[in-house]
Amino acid sequence: MARNSNLGAAKAAKNDEFYTQYNDIQKEINSYLEFNPNVFKGKTLLLPCDDPEWSNFTKFFAQNFELLGLKKLISTSFAQDSKNYKSDWNPTLFETENPIYDATKSAVCGKIFVIDRDINGDGRINIKDIEWEYLEGTGDYRSEEVTKLRDEADIIVTNPPFSLFREFMAWLVESDKQFSIIGNMNAITYKEVFPLFKENKIWLGPSISSGDREFGVPDWYPLEAAGWRIDENPFYENGKKKPYTKYIRVKGVRWFTNIEHGRRHEPLSLLTMAQNIRFSKHKEIKGKEYLRYDNYDAIEVPFTDAIPSDYEEMMGVPISFIDKYCPEQFEIIGMAKRGAGDPSLRSKVYTKSDYPNYGDLNATPTLFDESGKLYNTYPRILIRKKQQ
């Protein structure tokens, strides 16, 4: 019973325990630097869901502190006892061998890590110059303590808890700061997030546009993902044990940001409608007319590369369009909801006869109205070619 209970708790907490790979951080940050080499120069950077003992975010920015021209680096960690999943945990030597170690605070207080000067006198500012202390509270990003740090910062970068993405995004937007955070692509459809894309206040980062990404996970994490591996060597330099040796691959991961980069201003190279119908690689398009929605004046474009370059009116495109969205080429009008959303923004209406091999459709009656019509279960972004 205890094992099943622990597994259930692990599943409930798993979206909060992903550790981003160093290379993924480096690729994204380098993309911003290619567009603006001074984007981090003289800035205070906050990593509000981080811990140098586990995460690569602090390691990356600490090692590149001088190269980026940072003014100050701040990271905060979340107290162990406040996490959803209670694992067999002990403080590390990094903490216990420090003179400020306090056993009464170790598990119940968050920590703050700061780098802003050369404290060891070696003439460089890097991870060796990190100073830390206990926070008064748990280190929850929503606390007054961490919110004050947010207001002090110029840029915020992190991998927030996936289960709290909506709330974390609202916390960021409230600050009116620059940011780059990792989330699931489906977050584009959230009512709290989509308007930000529509108003061109946020966009996707350039380094991830398809496929999946590998994340480190704690030892208690259930390996139920489609792709996973275990590092058989639990130790790294100087005999230190690695903070995690399990890795899983997660689909649909994206960087959400308001930091400028060049890729988002590159227009899509597209075929005309006639060329798509004649040459498209997609069987849904080739040799056929573009379908129109039954209850909205727009055409259905099921693939981003099938957007007709010469069509001037409304189009419904998949959410993956955001990966290629160029604000100078298209404008975002709205979103076609799933199921019972705004009736004026519903996708094409299908009937049961359109799905002869779907299975027992009567087993999922909520997908249909009384006349047997099915609303498309895929959300669509409504766009229009930008008027020159």
- request: Apply side-chain hydrogen bond (donor to acceptor under 3.5 Å, both in side chains) to Ser55 and list each qualifying residue two or more places apart in sequence or on a separate chain.
  value: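 Result, side-chain hydrogen bond (donor to acceptor under 3.5 Å, both in side chains) vs Ser55: Asp50.
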
- prompt: How would you list, by chain and number, every residue that makes a side-chain hydrogen bond (donor to acceptor under 3.5 Å, both in side chains) with Gln63, sequence neighbours excluded?
  reply: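 So Gln63 forms a side-chain hydrogen bond (donor to acceptor under 3.5 Å, both in side chains) with Tyr22.
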
Between the main-chain N or O of [Y] and the side-chain N or O of [X], is there a donor-acceptor pair closer than 3.5 Å?
X: Glu66; Y: Ile125; result: yes
X: Asn258; Y: Lys177; result: yes
X: Arg213; Y: Val253; result: no
X: Thr147; Y: Ser143; result: yes
X: Glu28; Y: Gln26; result: no
X: Ser75; Y: Leu47; result: no
X: Ser175; Y: Leu172; result: yes
X: Glu260; Y: Phe35; result: no
X: Asn276; Y: Leu271; result: yes
X: Lys198; Y: Ile333; result: yes

- request: Go through the steps for Phe179 and Ile202 under the test side chain to side chain contact (heavy atoms under 4.5 Å, CB included), then give the verdict.
  value: CA-CA 9 Å; Phe179 63 84; Ile202 67 169; 3.4 Å; yes

Any [X] side-chain heavy atom under 4.5 Å of [Y] side chain:
X: Lys111; Y: Tyr134; result: yes
X: Tyr19; Y: Asn159; result: no
X: Phe61; Y: Leu68; result: yes
X: Val39; Y: Ile29; result: no
X: Asp129; Y: Asn120; result: yes
X: Ile25; Y: Val157; result: no
X: Asn56; Y: Thr20; result: no
X: Arg263; Y: Ser209; result: yes

task: Return the orientation label for the Phe321 and Tyr325 ring planes: parallel under 30°, perpendicular over 60°, tilted otherwise.
output: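 Phe321 vs Tyr325 ring planes: tilted.
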
task: Give me the ring orientation class for Tyr32 and His261: parallel if the planes are under 30° apart, tilted from 30 to 60°, perpendicular past 60°.
output: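 Ring orientation, 0 to 90° scale: tilted.
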
message: Checking Ile332 against Asn200 for the side chain to side chain contact (heavy atoms under 4.5 Å, CB included) test, could you report, in this order, the C-alpha distance in whole Å, the side-chain angles of both residues, the deciding distance, and whether it holds?
response: CA-CA 9 Å; Ile332 297 175; Asn200 207 30; over 6 Å; no

So does [X] have more than 12 non-hydrogen atoms from other groups sitting under 6.0 Å from [atom1]?
X: Glu144; atom1: CD; value: no
X: Arg124; atom1: CZ; value: no
X: Asp176; atom1: CG; value: no
X: Glu312; atom1: CD; value: yes

Might you point out which heavy atoms bring [X] and [Y] nearest each other, and give the distance in Å?
X: Gly139; Y: Val146; value: O-CG2, 3.8 Å
X: Ile299; Y: Met273; value: CD1-CE, 4.0 Å
X: Ile381; Y: Pro318; value: CD1-O, 4.4 Å
X: Phe256; Y: Ala187; value: CZ-CB, 3.9 Å
X: Thr158; Y: Pro48; value: CB-CD, 3.8 Å
X: Cys326; Y: Glu266; value: CB-O, 3.7 Å

Shared ILVMFWY cluster between [X] and [Y], side chains joined below 4.5 angstrom?
X: Phe113; Y: Ile100; result: yes
X: Met169; Y: Leu164; result: yes
X: Leu268; Y: Leu204; result: yes
X: Ile127; Y: Ile74; result: no
X: Trp203; Y: Ile155; result: no

Looking at [atom1] of [X] and [atom2] of [Y], how far apart are the two atoms once the value is rounded to the nearest 0.5 Å?
X: Ile277; Y: Gln275; atom1: CD1; atom2: CD; result: 11.0 Å
X: Tyr311; Y: Lys385; atom1: OH; atom2: NZ; result: 12.5 Å
X: Ile115; Y: Leu45; atom1: CD1; atom2: CG; result: 10.5 Å
X: Ile307; Y: Met315; atom1: CD1; atom2: CE; result: 6.0 Å

task: I would like to know whether Ser106 and Tyr101 meet side chain to side chain contact (heavy atoms under 4.5 Å, CB included); could you show each step before the answer?
output: CA-CA 7 Å; Ser106 181; Tyr101 170 65; 4.0 Å; yes

Taking ring-ring contact (aromatic ring centres under 6.0 Å, His included) as the definition, give me every residue that meets it alongside [X], ordered by chain and number, with sequence neighbours left out.
X: Phe168; answer: Tyr141, Trp171
X: His282; answer: Phe303
X: Phe65; answer: none

Give a yes or no on whether a salt bridge exists between [X] and [Y], defined as a side-chain N under 4.0 angstrom from a carboxylate O.
X: Asp154; Y: Lys71; answer: no
X: Asp323; Y: Arg254; answer: yes
X: Asp140; Y: Arg142; answer: yes

task: List in chain and number order the residues that pass salt bridge (charged side-chain N to carboxylate O under 4.0 Å, His left out) with Glu136, two or more places apart in sequence or in another chain; answer none if no residue qualifies.
output: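 For Glu136, no residue satisfies salt bridge (charged side-chain N to carboxylate O under 4.0 Å, His left out) once neighbours in sequence are set aside.
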
Among Arg117, Lys43, Glu152, side-chain contact (heavy atoms from CB on, under 4.5 Å) partner for Lys72: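 Only match with Lys72 under side-chain contact (heavy atoms from CB on, under 4.5 Å): Glu152.
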
- request: Walk me through it: do Glu145 and Thr76 pass the test side chain to side chain contact (heavy atoms under 4.5 Å, CB included)?
  value: CA-CA 10 Å; Glu145 199 172 14; Thr76 59; over 6 Å; no

query: Do Arg292 and Asp297 pass the salt bridge (charged side-chain N to carboxylate O under 4.0 Å, His left out) test, and can you show the C-alpha distance, the side-chain angles, and the key distance before you say yes or no?
result: CA-CA 7 Å; Arg292 299 195 68 86; Asp297 188 15; 2.5 Å; yes

- prompt: Does any donor atom in the side chain of Tyr290 or Glu300 lie under 3.5 Å from an acceptor atom in the other side chain?
  reply: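 No donor-acceptor contact under 3.5 Å links the two side chains.
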
